[in-house]
Amino acid sequence: METTKTHAVHGGVLRYLKHDSVTTGTPMTLSVFTPPGAGPFPVLIWLSGLTCTEDNFTTKAGAYAAAAEHGVIVVAPDTSPRGEGVADDPAYDLGQGAGFYVDATQAPWAPHFRMETYVVEELIGLIDANFPTTKRRSISGHSMGGHGALTLALRHPALFRSVSAFAPISSPTRCPWGEKAFTAYLGDDRAEWAQHDAARLIEGGTARGVFDDILVDQGDADGFLVEQLKPELLIEAGQASGQTVTVRMQPGYDHSYFFMASFIADHVAFHAARLKA
């Protein structure tokens, strides 16, 4: 991996990195914060939402004071492949910046849009090979990235000690964002869609006995709450399956990074406790 820039922050080091991905067939970018000390450290992977790059969380979420305090590496990858020859769409909710953390099976997306494999295989391997990790990791994310964090943890539970999300797309098979993206990336088979739907995976018992709790923060002033996010479906799925899902409705908070910055320390502490248990 090529380091493009570095910053000292909260006693640790923040690196912006670039590498040629064998999974997506494109250059991919990410940021990595390493806390002070020699390590090894556990890892928290952060997945961002629609239109974001690796930079949005890095500069806006204010996660690094808590990460330094708890001794946690924080990794924030880009949200999709990008570049010349990579399929795109004029809309903000499809194509570059909108990878949805699935492996596309449909043209023209399939050659490059393989974000599930990128995160759970290539990215994890690169971080463990290049940084002083304990090989213990957790995952979190926001909106589309909250969907990604939940579904990747539920689909690959052996890889993660814990999972949390901010304002996730809780059930993409039952909201306009998810229906549009899944039709484009995965085709018309709704049974396949269900394999990438956090609420349906929880309802089916995927997480039972794996994660002691799934933490979700949601602002009640979020303009996407009713039509797109639907956290009540996570609550219902947890109740149906016996999986603990803690959904904290935060009064007055919207969908912005101001919301995440207000509660990110809680999430870092939530993961640190489970990573070090």
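Reckoned from all heavy atoms, side chains included, excluding hydrogens, waters and symmetry mates. Quantities reported herein were computed from a predicted structural model and do not represent experimental measurements.
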Kindly indicate, with the supporting measurements, whether the criterion salt bridge (Lys or Arg N to Asp or Glu O under 4.0 Å) is fulfilled by R248 and D217. CA-CA 5 Å; R248 308 193 306 187; D217 271 311; 2.8 Å; yes
Working for side chain to side chain donor-acceptor pair (under 3.5 Å), residues D213 and T244: CA-CA 5 Å; D213 192 6; T244 301; 5.3 Å; no
Test log, rule salt bridge (Lys or Arg N to Asp or Glu O under 4.0 Å), inputs D88 and R82: CA-CA 9 Å; D88 200 8; R82 301 178 192 266; over 6 Å; no
Let me see the working for I73 and V32 under side-chain contact (heavy atoms from CB on, under 4.5 Å), right down to the final yes or no. CA-CA 7 Å; I73 290 172; V32 178; 3.8 Å; yes
side-chain contact (heavy atoms from CB on, under 4.5 Å) between L234 and L150, worked out: CA-CA 10 Å; L234 293 177; L150 293 170; 4.2 Å; yes
I'd like to know whether D55 forms a salt bridge (Lys or Arg N to Asp or Glu O under 4.0 Å) with K60, so could you lay out the CA-CA distance, the side-chain angles of the two residues, the decisive distance to 0.1 Å, and finally the verdict. CA-CA 8 Å; D55 195 48; K60 295 180 179 180; over 6 Å; no
For R190 and E179, what are the C-alpha separation, side-chain angles and deciding distance, and is it a side-chain contact (heavy atoms from CB on, under 4.5 Å)? CA-CA 9 Å; R190 285 183 171 261; E179 291 174 345; 3.9 Å; yes
I169 and Q228: CA distance, side-chain angles, deciding distance, side-chain contact (heavy atoms from CB on, under 4.5 Å) verdict: CA-CA 6 Å; I169 303 173; Q228 302 282 13; 5.7 Å; no
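A donor-acceptor pair under 3.5 Å is formed between the side chain of S241 and the backbone N or O of I202. With hydrogens and angles ignored, the 3.5 Å screen pairs no side-chain donor or acceptor of S143 with any backbone N or O of G145. Checking side-chain atoms of S80 against main-chain N and O of G97 turns up a donor-acceptor pair under 3.5 Å. With hydrogens and angles disregarded, no donor-acceptor distance shorter than 3.5 Å links the side chain of E227 to the backbone of C175. At distances below 3.5 Å, not a single donor-acceptor pair connects side-chain atoms of H7 with backbone N or O atoms of L14. The backbone N or O of G252 sits less than 3.5 Å from a side-chain atom of D220, completing a donor-acceptor pair. Of the possible polar contacts, none joining the R114 side chain to the A110 backbone as a donor-acceptor pair under 3.5 Å is found. D103 places a side-chain N or O within 3.5 Å of a backbone atom of T117 that can act as its donor or acceptor partner.
Between the CZ atom in F57 and the CH2 atom in W46 there is a gap of 5.5 Å [rounded to 0.5 Å]. Annotation: the span from R174 atom CZ to L233 atom CG amounts to 4.5 Å, rounded to 0.5 Å. Distance check, rounded to the nearest 0.5 Å: CG of L123 to CG of L30 gives 6.0 Å. For the atom pair D188 CG and F182 CZ, the distance stands at 13.5 Å (nearest 0.5 Å).
The minimum heavy-atom distance between A181 and L94, with the atom names listed, is CA-CD1, 4.0 Å. Minimum heavy-atom separation, V245 to G238: CG2-CA, 4.1 Å. Here the shortest heavy-atom pairing between D78 and T53 reads OD1-CA, 3.2 Å. Across every non-hydrogen atom of A165 and G146, the tightest pair is CB-CA, 3.8 Å. Looking at every heavy atom in both residues, R161 comes nearest to A277 through NH1-O, 4.2 Å. When all heavy atoms of G148 and L47 are compared, the closest pair comes out as C-CD1, 3.7 Å.
By the 30° and 60° cut-offs, the orientation of the rings of Y185 relative to W109 is perpendicular. Relative ring orientation between H271 and H267 is described as tilted, the plane-to-plane angle lying within the 30° to 60° band. Under the 30°/60° scheme for interplanar angles, the aromatic rings of W177 and F224 are found to be tilted.
More than 12 heavy atoms of other residues, nucleotides or ligands sit less than 6.0 Å from atom OH of Y92. Within a 6.0 Å radius of NZ in K18, no more than 12 heavy atoms belonging to other residues, nucleotides or ligands are found.
A donor and an acceptor atom, one from each side chain of N56 and H142, are nowhere located under 3.5 Å apart. A donor atom on one side chain and an acceptor atom on the other are found under 3.5 Å apart for S140 and S164. Between the side chains of T151 and H196, not a single donor N or O lies within less than 3.5 Å of an accepting N or O. Remark: the S171 side chain and the R200 side chain contain no N/O donor-acceptor pair separated by less than 3.5 Å. Residues E116 and H156 bring a donor and an acceptor atom of their side chains to less than 3.5 Å of each other. Between the side chains of E122 and T23, a donor-acceptor pair is found at a separation under 3.5 Å. Inspection of the S31 and E54 side chains reveals no N or O donor paired with an N or O acceptor under 3.5 Å.
Hydrophobic clustering keeps F258 apart from F263 (ILVMFWY residues linked when any side-chain heavy atoms are closer than 4.5 Å, directly or through intermediates). A single hydrophobic cluster is not seen to contain both F41 and L275; linkage of ILVMFWY side chains at heavy-atom distances under 4.5 Å, directly or through other members, places them apart. Taken together through direct or relayed side-chain contacts under 4.5 Å among Ile, Leu, Val, Met, Phe, Trp and Tyr, I45 and V210 form part of one hydrophobic cluster. If you chain together hydrophobic residues whose side chains sit under 4.5 Å apart, V43 and V72 never meet in one group. Linking Ile, Leu, Val, Met, Phe, Trp and Tyr whenever their side-chain heavy atoms come within less than 4.5 Å leaves M144 and Y257 in two separate clusters.
Just one of H19, M28, E121 meets the side-chain contact (heavy atoms from CB on, under 4.5 Å) condition when paired with L126; it is H19.
A 4.5 Å side-chain heavy-atom check between T3 and T6 finds at least one atom pair inside the cut-off. Under the 4.5 Å side-chain criterion, counting only non-hydrogen atoms from C-beta, P231 is in contact with L225. Inter-residue side-chain proximity for F259 and Q250 is flagged as met; some heavy-atom pair is nearer than 4.5 Å. Under the 4.5 Å side-chain criterion, counting only non-hydrogen atoms from C-beta, F113 is not in contact with V102. Using a 4.5 Å heavy-atom cutoff, the side chains of L186 and W193 are in contact. Looking at V216 and F166, their side chains never come closer than 4.5 Å, going by heavy atoms from C-beta outward. Within the 4.5 Å cutoff, the side chain of P40 has no heavy atoms near those of the T133 side chain. Within the 4.5 Å cutoff, side-chain heavy atoms of M1 are placed close to those of F131.
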